[in-house]
Amino acid sequence: MLLIGNGTVLTLGKSNQVIPMGGVLIQDTKILEIGTTQELQARYPEARFIDAHGKLIMPGMINTHMHLYSTFARGMDSKSKPPLNFRDILEGLWWKLDKLLSMEDVYYSALTPLIECIKTGTTTIVDHHASPNAVIGSLSTLAKAAQEIGVRAAFCYEVSDRDGEKIAQEGIKENAEFIEACQAKPDAMTAGLFGLHASLTLSDKTLAQCSDAAKRLGAGFHVHVAEGIEDVEDCLTNHGLRVVERFEKYGVLGPKTIAAHCVHVNDREIELLKTSNTQVVHNPESNMGNAVGVTPVLKLLEKGVRVGLGTDGYTCDMFESAKVENVLQKHAAANPSVAWAEVPQMLYANNPQIASDLFGGTFGELTKEAWADVIVVDYVPPTPMDASNWSGHLLFGVSGHQVETTVVNGKVRMLDRRLVDIDEEAICARSRELAQAIWNRI
């Protein structure tokens with residue numbers, strides 16, 4: 001047993017409690033009990049004790065759209081002309097980088113951001129991968145990295161026709177085999193989705209093949225939807241449909257599917273997302289950095305679409321993503337009164353629901369039988385904190401680098417800012433070597 005106590009427990013979830021001098025009792029992979037530290041220690045004196053020293057104890061963060069493979073772009077000169085639009089960014093940066101990744105590159109470019117996840121309190125991610133010249137086996141390689149670091153993760157390979165039919169077929173095969181492996185040996189730490197890049201890089205033939213394969217497997221999709229206006233223009237020109245309409249035609253939408261971005265969607269498409277129960281994930285920092293526009297998050301939520309929050313690989317820190325999302329929606333609406341309720345809903349309610357649909361079980365709350373994904377944050381409230389104002393405390397007072405202790409699935413992965421059984425120095429050293437080799441070939 002493990003008892004994390006002597007802190008301010010923020011349960012979130014349905015109970016939504018703030019417990020001063022509280023504790024969280026963990027047995028194996030699940031939370032056994034919540035209460036005051038004094039009563040839990042009296043009843044379970046044999047439990048290993050982690051002292052939070054009055055700091056904040058809360059559920060781990062969840063990132064519902066991530067790109068681990070983007071790691072080696074950090075600081076890289078892509079040797080391309082300055083981008084003028086989103087297609088320039090794809091062609092001048094990401095489609096240069098992903099073609100150079102070997103399987104070892106895939107592995108190390110995952111290890112380093114997974115460490116950052118642990119250090120910033122992100123305990124679960126939903127990743128979207130691409131490595132056109134190292135497709136077969138890439139998802140199991142990513143899963144191996146996640147298992148070694150201890151982050152709960154779902155993976156998919158982005159099928160695309162941009163690199164030819166052979167690689168597209170390899171992507172279909174890789175998704176199918178990884179999903180089948182996950183289904184054959186269910187593991188609450190690993191899950192699979194069927195990855196698609198985007199409408200503008202998928203032919204009707206390939207899209208139909210993917211739809212058939214996913215239907216056979218009973219799997220949902222993870223796909224970029226109308227991220228840039230180029231995606232919409234291509235779809236209208238070549239298919240006579242808008243992006244969401246095309247995906248609806250091919251059976252991509254549904255309650256198991258994650259539609260990332262959805263920046264350029266109209267009312268008809270929002271209705272299709274709603275009636276199909278498709279989950280949307282917004283990535284504010286990435287969208288701003290790529291200058292693609294603002295996802296109509298407020299309208300999507302108003303219409304009843306489940307909208308989660310991701311980072312698109314821009315950061316591992318979900319507290320940071322929430323801060324940016326709050327000010328982005330206010331700025332876009334020119335209304336300082338919006339996004340106070342919507343952003344907490346996305347991060348602390350919708351993301352846990354998306355994770356629960358993928359892995360099963362209860363996420364995002366400290367309650368009996370929930371997964372034991374718990375973090376201790378170096379935050380002692382300077383003003384009263386209770387069940388009605390905790391979101392304001394997290395928004396203005398907490399960032400990922402204040403996380404001191406991270407527990408995932410009942411296992412301590414960082415204690416008092418020290419990683420447990422993870423050789424960060426050696427991993428980062430090899431990562432730098434591999435990144436430099438790629439930079440030399442770019």
Quiz prompt | Donor-acceptor pair between Tyr107 and Glu148 side chains, under 3.5 angstrom | solution = yes
Quiz prompt | Listed once per pair and sorted, the salt bridge (Lys or Arg N to Asp or Glu O under 4.0 Å) pairs that draw on residues 277-287, sequence neighbours left out | solution = none
Quiz item: Heavy-atom distance under 4.5 Å between the side chains of Lys323 and Leu395, does that happen here?
Solution: yes
Quiz item: Which residue pairs satisfy the side-chain hydrogen bond (donor to acceptor under 3.5 Å, both in side chains) criterion with at least one member in residues 410-426, sequence neighbours excluded?
Solution: Lys119-Glu424
Exercise. Check step by step if side-chain hydrogen bond (donor to acceptor under 3.5 Å, both in side chains) holds for Gln353 and Asp357.
Key: CA-CA 6 Å; Gln353 290 175 331; Asp357 288 346; over 6 Å; no
Exercise. Mark yes or no for whether His129, through its side chain, and Phe155, through its backbone, hold a donor-acceptor pair below 3.5 Å.
Key: no
Practice problem: For residues 162-179, pull every pair meeting salt bridge (Lys or Arg N to Asp or Glu O under 4.0 Å), keeping only residues two or more places apart or in separate chains. | Solution: Asp98-Arg162, Lys99-Asp163, Glu158-Arg162, Glu165-Lys205, Lys166-Glu170, Lys173-Glu177
Quiz item: Ser199 pairs by side-chain contact (heavy atoms from CB on, under 4.5 Å) with which of Val243, Val223, Val232, Leu241?
Solution: Val243
Quiz item: Just wondering, more than 12 heavy atoms not from His401 lying within 6.0 Å of its NE2?
Solution: no
Quiz item: To the nearest 0.5 Å, what is the distance between CG (Leu100) and CG (Leu434)?
Solution: 12.5 Å
Quiz item: When you measure from the side chain of Thr71 to the backbone N and O of Ser109, does any donor-acceptor pair fall under 3.5 Å?
Solution: yes
Listing, residues 180-190 side-chain donor-acceptor contacts under 3.5 Å, not counting sequence neighbours, or none:
{"from": "Glu180", "atom 1": "OE2", "to": "Arg216", "atom 2": "NH1", "distance (Å)": "3.2"}
{"from": "Gln183", "atom 1": "NE2", "to": "Leu217", "atom 2": "O", "distance (Å)": "2.8"}
{"from": "Asp187", "atom 1": "OD1", "to": "Met189", "atom 2": "N", "distance (Å)": "2.9"}

Quiz item: Do Ile422 and Ile149 come within less than 4.5 Å of each other through their side chains, counting heavy atoms only?
Solution: yes
Practice problem: Check whether any side-chain N or O of Asn175 sits under 3.5 Å from a backbone N or O of Cys156 as a donor-acceptor pair, and report yes or no. | Solution: no
Exercise. Using ring pair (Phe, Tyr, Trp, His ring centres under 6.0 Å) as the criterion, list what pairs up with Trp439, not counting sequence neighbours.
Key: none
Exercise. Check the pair Asp161, Ser203 against side-chain hydrogen bond (donor to acceptor under 3.5 Å, both in side chains), reporting the backbone distance first and the verdict last.
Key: CA-CA 7 Å; Asp161 285 302; Ser203 67; 3.0 Å; yes
Self-check item: Asn6 and His53: side chain donor to acceptor below 3.5 Å
Solution: no
Quiz item: Nearest heavy-atom pair of Leu40 and Gly35: which atoms, and what distance?
Solution: CD1-N, 3.7 Å
Quiz item: Is the side chain of Asn290 donor-acceptor paired with the backbone N or O of Phe86 at a distance under 3.5 Å, no angle test?
Solution: no
Exercise. Can you spot which of Leu328, Asn287, Val263 makes a side-chain contact (heavy atoms from CB on, under 4.5 Å) with Val294?
Key: Leu328
Practice problem: Please report the shortest heavy-atom distance between Val252 and Phe221, naming the atom on each side. | Solution: O-CD1, 3.5 Å
Quiz prompt | By ring pair (Phe, Tyr, Trp, His ring centres under 6.0 Å) - contacts of Phe178 (at least two apart) | solution = none
Exercise. Check Trp371 against Gly361 and note the closest heavy-atom contact, atom names and distance.
Key: NE1-CA, 3.5 Å
Quiz prompt | Inter-residue atom distance Leu12.CG - Leu347.CG, 0.5 Å rounding | solution = 9.0 Å
Quiz item: Within the distance-only criterion (no hydrogens, no angle test), does the side chain of Asp231 pair as donor or acceptor with the backbone N or O of Leu200 below 3.5 angstrom?
Solution: yes
Self-check item: CD1-CG distance between Ile31 and Leu25, expressed to the nearest 0.5 angstrom
Solution: 9.5 Å
Quiz item: Does Gln209 reach the side chain of Gln169, with side-chain heavy atoms less than 4.5 Å apart?
Solution: yes
Self-check item: Nearest atoms (heavy-atom pairs only) where Ser70 meets Trp94
Solution: CB-CZ3, 3.4 Å
Quiz item: Going by atom types only, do Tyr250 and Asp204 share a side-chain donor-acceptor pair under 3.5 Å?
Solution: yes
Exercise. Tell me, with the steps shown, if Gln27 and Tyr44 meet side-chain contact (heavy atoms from CB on, under 4.5 Å).
Key: CA-CA 11 Å; Gln27 185 171 41; Tyr44 303 96; over 6 Å; no
Quiz prompt | Geometric class of the Phe359/Phe363 ring pair [parallel <30°, tilted 30-60°, perpendicular >60°] | solution = tilted
Self-check item: Interatomic spacing from NE2 in His65 to CG in Leu309 - rounded to 0.5 Å
Solution: 11.5 Å
Self-check item: Note: Arg87-Glu230 ion pair, threshold 4.0 Å (strictly below)
Solution: no
Quiz item: Can you name the nearest heavy-atom pair linking Cys316 to Met66, along with the distance?
Solution: SG-CE, 3.7 Å
Quiz item: Do side-chain atoms of Thr405 reach the backbone of Val376 as a donor and acceptor pair under 3.5 angstrom?
Solution: no
Quiz item: Side chain of Tyr157, backbone of Ser131: donor and acceptor closer than 3.5 Å?
Solution: yes
Quiz prompt | Heavy atoms of other groups near Arg268 CZ, more than 12 under 6.0 Å | solution = no
Quiz item: Are the side chains of Leu394 and Leu56 in touch, meaning some heavy atoms are under 4.5 Å apart?
Solution: yes
Quiz item: Would you say Arg441's side chain and Ala437's backbone share a donor-acceptor pair under 3.5 angstrom?
Solution: yes
Quiz item: When rounded to the nearest 0.5 angstrom, what distance separates CG in Leu301 from CZ in Arg306?
Solution: 11.5 Å
Quiz item: Is the backbone N or O of Glu116 less than 3.5 Å from a side-chain atom of Thr120, with the two atoms forming a donor-acceptor pair by type?
Solution: yes
Quiz item: Between Asp373 and Asn409, is there a donor-acceptor pair closer than 3.5 Å when you use the side chain of the first and the backbone of the second?
Solution: yes
Quiz item: Side chains of Ile125 and Leu114: does their closest heavy-atom pair fall under 4.5 Å?
Solution: yes
Quiz item: Going by atom types only, do Thr64 and Asn351 share a side-chain donor-acceptor pair under 3.5 Å?
Solution: yes
Exercise. Determine whether Val377 and Gln402 make a side-chain contact, defined as any pair of heavy atoms from C-beta on separated by less than 4.5 Å.
Key: yes
Quiz item: Shortest non-hydrogen contact from Val324 to Pro284?
Solution: CG1-CB, 4.1 Å
Self-check item: Charged N-O contact under 4.0 Å between Glu271 and Lys274
Solution: no
